[in-house]
Amino acid sequence: MKHMRTHLILMTTFIVLTASLISIPISILITKTFFNTGTQDMIVRGLTVREIITPILIIILYTFMFIIASRRAVSPFVELSNATKQIAAGNFDISIGWAHKKGGPARLARNFNLMAQELKANEFLRKDFISNVSHEFKTPLSIISGYAGLLDSEEISDKDRHEYSLTIQKESKRLIKLTSDLLSISRLDHQKIQEKAEAFRLDEQIRQAVLLLSAEWSAKNIAMEIDIPKIVYIGNEALLAQVWSNLIDNAIKFTSNDGLICIWAHAQNGVVTVKISDNGEGMSEETQSRIFEQFYQGDTSHAVEGHGLGLALVKRILDVSGGSISVTSKIGSGSNFVITLPVKESAD
Ligand SMILES: Nc1ncnc2c1ncn2[C@@H]1O[C@H](COP(=O)(O)OP(=O)(O)OP(=O)(O)O)[C@@H](O)[C@H]1O
Ligand SMILES: [Mg+2]
């Protein structure tokens, strides 16, 4: 910032000096014209008071005009420099007023305003993220601390003791899932391409995910329809497994008893397409547009378990795998997720 100020002072001095130099021949010219005296004449007979004062006045007038003009020219930069100082101090509410004008400096100002807005939005997201994380941690931690306190009492029955211990275990598992989801998302945020790629059977991986959740869907008497041919895929096996487990877990969670979940996949033209659909509660348009945001949960989801991180994680995994995910859904009719993945080695 100091550098900029010195630069501006130097610029102003340079302009003033140039103005003075330009004004000397002009004032001589004016003096000659107005007083009708030749230069030779002036040198021979010496200068009259008028002939001395007039050029001095013209020089002062010129210098004054140039100071005003140069101040006007550098003032946008001074304003920008002060605004930059504000940004550095963490005040992102700043914007340059003359950004709508035409010309180079105005374009600079527009870009500056854009930068300030972006920084403000990022700061908001960061604060929002911290408050979400704190909130999600607070609930299980206070439950664990409450039940641990109850366990300490000697008057409780064995049945209650067992129940409290189960609750503590359940909440601890929730915390473990929350931290591992957050870690995975943060790791994937800094990863542009998938690091580990190996060939594996994608069809078997999806079936395995269904099997691992069998206790959940059997308990709700949900029917599973699976139609997947043999698909060999090259990619990060552990990462991709999380895609299926999260999507199937959601389908089970948001489908009521005796519902139906269909999983269909095929590989064609170098692309694997997987469809996971359910006839559960479905989602509104508003919910559909926000489900891939971290910590976002639809209106009815707060009643069921979760932190709103599963689909954010799924989206990031598909991004680093070069894939995509889309959803169509209707409240009361169910949801349909379509996942595409580019294949390096398709079904054989
Ligand atoms: N199959 C589905 N049917 C209806 N709503 C769904 C379905 N899948 C996702 N949603 C909606 O999208 C929201 C975000 O899903 P996401 O998987 O990210 O979070 P979650 O399941 O609530 O929690 P977590 O995955 O962290 O356990 C859900 O809360 C729900 O509102
Ligand atoms: Mg989920």
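Whatever order the structure lists ligands and atoms in, that order sets their numbers, starting from 1. Everything numeric here is computed off the predicted structure, so don't read it as measured data.
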Discussion item. Is there a side-chain contact between Ile248 and Met224 in this structure, where contact means two heavy atoms from C-beta onward sitting under 4.5 Å apart?
Written reply: yes
Worksheet entry | Gap separating the CZ atom of Phe254 from the CE atom of Met283, nearest 0.5 angstrom | 8.0 Å
Worksheet item: For ligand 1, is there an N or O atom under 3.5 Å from any N or O atom of Thr287?
Response: no
Worksheet item: Considering Arg174, Glu281, His307, which one's heavy-atom position lies nearest to atom 24 (P) of ligand 1?
Response: His307
Worksheet item: Should Glu171 and Arg174 count as an ion pair when the cut-off is N to O under 4.0 Å?
Response: yes
Item to complete: For the residue pair Ile234 and Val343, establish whether any side-chain heavy-atom pair is separated by less than 4.5 Å.
Response: no
Discussion item. What's the separation between atom NZ in Lys315 and atom OG in Ser324, rounded to the nearest 0.5 Å?
Written reply: 8.0 Å
Worksheet item: Looking at Tyr296, which atoms of ligand 1 are within less than 4.0 Å of one of its heavy atoms?
Response: 13 (C), 14 (C)
Discussion item. Tell me the nearest of Gly308, Ala312, Ser277, Gly298 to atom 23 (O) of ligand 1, using heavy-atom distances.
Written reply: Gly308
Worksheet item: Atom OG in Ser165, atom CG in Leu151: separation rounded to 0.5 Å?
Response: 6.5 Å
Worksheet entry | Backbone or side-chain N or O of Gly306 under 3.5 Å from ligand 1 N or O | no
Worksheet item: Given Leu178, Asp278, Ile276, Leu311, which one has a non-hydrogen atom that is nearest to atom 15 (O) of ligand 1?
Response: Leu311
Worksheet item: Glu123 and Lys127: salt bridge (charged side-chain N to carboxylate O under 4.0 Å, His left out), yes or no, with the steps?
Response: CA-CA 6 Å; Glu123 178 65 3; Lys127 282 189 182 151; 3.8 Å; yes
Discussion item. Are Ile94 and Ile87 packed together at the side-chain level, in the sense that at least one heavy-atom pair is separated by less than 4.5 angstrom?
Written reply: yes
Response to the item:
Check: of Ile331, Leu247, Leu309, min heavy-atom distance to atom 26 (O) of ligand 1 comes from Leu309
Response to the item:
A student checking ligand 1 against Gln297 at a 4.0 Å heavy-atom cut-off should list atoms 20 (P), 22 (O), 23 (O), 29 (O)
Worksheet entry | For atom 9 (C) of ligand 1, the option (of Asn250, Leu313, Asn246) bearing the nearest heavy atom | Asn250
Worksheet entry | Distance in Å, Lys330 NZ paired with Glu285 CD, rounded so as to fall on 0.5 Å steps | 11.0 Å
Item to complete: Run the numbers for me: atoms of ligand 1, each under 4.0 Å from some heavy atom of Phe337, listed by number.
Response: 1 (N), 8 (N)
Worksheet item: With a 4.0 Å cut-off, would you call Glu293 and Arg290 a salt bridge?
Response: yes
Practice prompt. Report the protein N/O/S neighbours of the Mg ion (ligand 2) that fall below 2.8 Å; do not count waters.
Written response: Asn250 OD1
Fill in: Heavy-atom proximity to atom 5 (N) of ligand 1, best of Lys253, Glu293, Glu136, Met283
Met283
Item to complete: Using a 4.5 Å cut-off on heavy atoms from C-beta on, say whether the side chain of Thr273 contacts that of Ile339.
Response: no
